[in-house]
Amino acid sequence: MSSPVTEKEGQPFLKYSDDATVDDDESESSPRHHPLEGRYSRLLSCCLVFFLTSALWIAVIYINSPPSKATDHTYGSSPEQRHNITSNSKLIKCGNSTAEAKALNCRYDILLNHWVPSQCWDQDMIDEYKDDDSWAAFYDEELTMPISTIDEMADRDFYWTSARDHINHCAMMWKKQFWAIFEDRGAIDSLVAGPGHTDHCAQYLMDATLKNFTMSTKVFIGFAGCWIKDEV
């Protein structure tokens with residue numbers, strides 16, 4: 001006949017209590033506590049309060065913010081759709097011939113190499129351009145026969161000048177462009193206002209190291225316009 005086994009000896013070995021004051025039988029019968037459930041509940045409550053508060057502030061900011069104006073910043077849009085230094089201005093011209101330019105009271109500008117309306121005449125920039133002493137015009141490509149007067153230059157279809165004068169011309173045109181924009185001038189000639197001449201000078205100076213600086217430049221007479229801002 002087998003020996004009797006006590007009740008406690010037959011209990012699974014994992015059933016125990018960390019509290020030495022509590023009997024094993026009492027600890028088994030008492031309800032189990034789960035501290036992790038309380039932590040999750042508190043975390044869930046905090047997250048809920050955070051999201052509700054954030055949503056409330058976003059709604060307040062959206063309601064009180066002024067409506068934004070739709071603007072088109074497309075690079076490829078046409079000049080008429082973009083604000084620039086010619087906006088709110090009207091263009092007056094000198095025609096397409098020397099006779100027309102004279103009839104419209106335009107003047108020949110040796111810095112621009114163009115006839116220009118009198119409203120865009122800039123004597124200070126012309127004087128600074130001439131201070132370089134490279135300014136001169138010639139009848140021939142070899143630069144051996146100088147043209148003595150500006151009137152003679154203005155009446156020709158073209159003339160010749162040195163590479164140094166070409167560089168001086170480009171440098172002075174950029175200075176003129178800066179001051180026209182910086183001072184927000186009310187009259188700006190079409191060479192300063194347009195991209196074509198700036199592109200020409202940029203390319204000429206980039207290619208300068210590849211060119212022979214003894215080469216002359218053929219200058220064609222042109223007819224510029226003048227952008228005049230509307231009075232406010």
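FYI, the numbering just counts along the sequence from 1.
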Is it true that Leu112 and Trp135 fall in one hydrophobic cluster, defined by side-chain heavy atoms closer than 4.5 Å? yes
Would you compute the distance between atom CG of Asn88 and atom CH2 of Trp227 and round it to the nearest 0.5 angstrom? 11.0 Å
Are Thr98 and Phe223 close enough, and set up right, to give a side chain to side chain contact (heavy atoms under 4.5 Å, CB included), and what steps lead you there? CA-CA 8 Å; Thr98 301; Phe223 305 91; 4.1 Å; yes
Atom NZ in Lys175, atom SG in Cys170: separation rounded to 0.5 Å? 14.0 Å
Any donor-acceptor N or O pair under 3.5 Å, side chains Asp199, Gln203: no
Please check: side-chain N/O of Asp109 versus main-chain N/O of Trp115, any donor-acceptor pairing under 3.5 Å? no
Ala136 versus Thr161, closest heavy-atom pair with distance: O-OG1, 2.9 Å
Cluster question for you: counting only ILVMFWY and a side-chain heavy-atom cut-off of under 4.5 Å, with indirect links fine, are Ile126 and Ile188 together? yes
Please lay out, stage by stage, how Gln123 and Trp121 fare under the test side-chain hydrogen bond (donor to acceptor under 3.5 Å, both in side chains). CA-CA 6 Å; Gln123 188 63 48; Trp121 186 261; 2.9 Å; yes
Using the side-chain hydrogen bond (donor to acceptor under 3.5 Å, both in side chains) rule, take Glu100 and Asn96 through it: C-alpha gap first, then chi angles, then the decisive distance, then the call. CA-CA 7 Å; Glu100 286 184 88; Asn96 297 301; 4.6 Å; no
Return the minimal non-hydrogen interatomic distance between Pro146 and Thr144, and the atom names on each side. CD-O, 3.4 Å
Going through the distances and angles, do Ser134 and Asn168 end up as a side chain to side chain contact (heavy atoms under 4.5 Å, CB included)? CA-CA 8 Å; Ser134 65; Asn168 184 37; 3.8 Å; yes
Nearest heavy-atom neighbours spanning Ser216 and Leu143: CB-CD2, 3.8 Å
Please find the pair of heavy atoms, one from Ala224 and one from Leu191, that lie closest to each other, and give the distance. CB-CD1, 3.7 Å
Just to verify, what does Tyr139 make a ring-ring contact (aromatic ring centres under 6.0 Å, His included) with, not counting sequence neighbours? none
To the nearest 0.5 Å, tell me how far Leu205 CG sits from Ile167 CD1. 6.5 Å
Sorted by chain and residue number, the side-chain contact (heavy atoms from CB on, under 4.5 Å) partners of His169 (sequence neighbours excluded) come out as Leu111, Asn113, Tyr129, His166, Met173, His197, Cys201
Would Met153 end up clustered with Ile221 when hydrophobic side chains under 4.5 Å apart are linked, directly or stepwise? yes
Working note: Thr217 + Tyr204, criterion side chain to side chain contact (heavy atoms under 4.5 Å, CB included); need CA distance, chi angles, decisive distance, verdict. CA-CA 11 Å; Thr217 298; Tyr204 179 80; 4.2 Å; yes
Is any side-chain heavy atom of Trp174 less than 4.5 Å from a side-chain heavy atom of Thr198? yes
Rounded to the nearest 0.5 Å, what's the gap from NE2 on His114 to SG on Cys106? Could you check? 12.0 Å
Closest non-hydrogen atom pair between Lys93 and Leu104, with its separation: O-CD1, 3.5 Å
Look at the side chain of Ser89 and the backbone N and O of Ser87, then say whether any donor-acceptor pair between them is shorter than 3.5 Å. yes
To check you understand the geometry: which heavy-atom pair defines the closest contact between Ala187 and Cys226, and what is its length? CB-SG, 4.0 Å
Report whether Phe220 and Phe138 are members of the same hydrophobic cluster (ILVMFWY, side-chain heavy atoms less than 4.5 Å apart, transitive linking). yes
Gap separating the CH2 atom of Trp160 from the NZ atom of Lys218, nearest 0.5 angstrom: 5.0 Å
Would you mind listing every salt bridge (charged side-chain N to carboxylate O under 4.0 Å, His left out) that reaches into residues 151-168, with sequence neighbours excluded? Lys102-Asp155, Asp132-Arg164
Please step through side chain to side chain contact (heavy atoms under 4.5 Å, CB included) for the pair Asp122 and Glu128, ending with a clear verdict. CA-CA 10 Å; Asp122 190 339; Glu128 187 174 350; over 6 Å; no
Pairwise distance CD(Gln119) to CD1(Ile228) - rounded to 0.5 angstrom: 4.0 Å
Test of understanding: clusters of I, L, V, M, F, W, Y form through side-chain heavy atoms closer than 4.5 Å, transitively. Do Ile110 and Met125 belong to the same one? yes
